[in-house]
Amino acid sequence: MQIIRDIAMLHRAVTALKQGGRSVALVPTMGALHDGHLSLVRMARRVADHVVVSIFVNPTQFGPNEDFAAYPRDEARDAALLVEEGVALLWAPDVAVMYPGGHRTHIEVAELGADYCGAARPGHFDGVATVVAKLFNQVRPDVAIFGEKDWQQLAIIRRMTRDLDFALDIFGAPIARDDDGLALSSRNAYLSKDQRAAAAAFPKTLQAAAKAIAGGADVAETLAKAEAAIVKGGFDSVDYVALADAESLERLTEFRKPARLLAAARIGKTRLIDNWPVG
Ligand code: AMP
């Protein structure tokens, strides 16, 4: 596996990978890799000839009081995992390579980025959309894979790709979960043993609420009950539990397909997100 940190070298390496009409899939990550990321890499291997993984902890998608400095980083461990998965190229630019001289241009995917995590994290999705657009232009992949774990992010990237005519296909990969149902996340590493045990109530509550709504239960009542159950389960606060149109992300007060239950909650200093299909 080549590890590349320079844009000119990246272009040469990707051109070589694409020789003979071979396809390239990109899996963008922030590192601290777990089985969720590796499931994206495996999907990438199935749909393309070569896999490029990027590791970049993107400062512009973190708020001033968020965990940018503390975000877990272990490139040597990540690289070893990617070698085992048959990844051709690891694109690991420094902040100075990604944003030489700062940056003045950003992409805002209007409306889709405003609610849910966008409301709790102002500017977050502009940072995500902008860096993903840069990654698309840098790597020029045929396919890019994103996890359904970050449902709002996936919807935003799909929309941006369509709106800006990026010539690639976006694939969503199913959420990888631990045995007790908690979605795998690099941020799970922040949880104490007790918090980790309590966190398993989060997906279970969403699953039950999704089932109730699909079965005809009142939406507002079910969402309020789910919020209360999450707090009762040991979380300190709930950012949102919402029923959304799965594509436009519009809030739904009544169930119609395609719908997705989206949620974010805080346990201690850790903010966890999850989502569940409805119906
Ligand atoms: P991150 O490193 O957290 O930015 O995530 C990189 C990619 O991995 C994103 O597309 C995430 O949606 C995806 N991802 C993270 N955790 C999971 C998971 N548990 N299941 C599926 N995809 C995931």
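Whatever order the structure lists ligands and atoms in, that order sets their numbers, starting from 1. Source: prediction; values computed, not measured. Position 1 is the first residue of the sequence, and the numbers go up from there.
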| query | How does Pro174 reach ligand 1, if at all, at less than 4.0 Å between non-hydrogen atoms: by side chain, backbone, both, or neither? | reply | backbone
| task | Tell me, yes or no, whether the heavy-atom count around Lys204 atom NZ, taken from other residues, nucleotides or ligands under 6.0 Å, exceeds 12. | result | yes
| query | Does Arg45 CZ have over 12 foreign heavy atoms under 6.0 Å away? | reply | no
| Taking atom CZ of Arg73 as the centre, does the number of heavy atoms from other residues, nucleotides or ligands within less than 6.0 Å exceed 12? | yes
| request: Taking the side chain as every heavy atom from C-beta outward, state whether His103 and Lys134 have any pair of such atoms under 4.5 Å apart. | output: no
| query | Counting distance only, does the side-chain N/O of Asp169 pair as donor-acceptor with the main-chain N or O of Val143 below 3.5 Å? | reply | no
| Which ligand 1 atoms, with their elements, are less than 4.0 angstrom from a heavy-atom of Leu184? | 16 (N), 17 (C), 18 (C), 19 (N)
| query | Side chain, backbone, both or neither: which part of Ala32 comes within less than 4.0 Å of ligand 1 when only heavy atoms are counted? | reply | neither
| Close-contact set for ligand 1 against Ile175 heavy atoms, below 4.0 Å | 20 (N), 21 (C)
| field | Subset of ligand 1 atoms that lie under 4.0 Å from at least one heavy atom of His34 | value | 15 (C), 16 (N), 17 (C)
| message | Heavy atoms only, cut-off 4.0 Å: how does Arg177 contact ligand 1, side chain, backbone, both, or neither? | response | neither
| query | Hey, quick one: are Ile273 and Ile175 part of the same hydrophobic cluster, counting side-chain heavy atoms closer than 4.5 Å, chains of contacts allowed? | reply | no
| field | Leu40 contact mode with ligand 1 (heavy-atom cut-off under 4.0 Å) | value | side chain
| So which heavy atom in the protein is nearest atom 20 (N) of ligand 1, and how far is it from that ligand atom? | Ala176 N, 2.8 Å
| task | Answer yes or no: is there a side-chain heavy-atom contact under 4.5 Å between Phe146 and Val27? | result | no
| remark: Near Phe146 (heavy-atom distance under 4.0 Å), the atoms of ligand 1 are 10 (O)
| For ligand 1, is any non-hydrogen atom under 4.0 Å from Met30's backbone (N, CA, C, O), its side chain (CB onward), both, or neither? | both
| request: May I ask you to decide whether Glu111 forms a salt bridge with Arg159, counting only side-chain N to carboxylate O separations under 4.0 Å? | output: no
| query | For ligand 1, which atoms have a heavy atom of Gly147 less than 4.0 angstrom away? | reply | 9 (C), 10 (O), 11 (C), 12 (O), 13 (C), 22 (N)
| request: Measure the distance from atom 1 (P) of ligand 1 to every protein heavy atom, then report the residue, atom name and distance (to 0.1 Å) of the closest one. | output: His37 NE2, 3.7 Å
| task | From the options Asn188, Asp150, Ile273, select the one whose nearest heavy atom is closest to atom 12 (O) of ligand 1. | result | Asp150
| remark: Within 4.0 Å of some non-hydrogen atom of Pro28, the atoms of ligand 1 are 6 (C), 7 (C)
| query | Do the ring planes of Phe235 and Phe202 sit parallel (below 30°), tilted (30 to 60°) or perpendicular (above 60°)? | reply | tilted
| Closest approach of any protein heavy atom to atom 23 (C) of ligand 1, naming residue and atom | Lys149 CB, 3.9 Å
| Plane angle bin for Phe56 and Tyr99 - parallel if under 30°, tilted between 30 and 60°, otherwise perpendicular | tilted
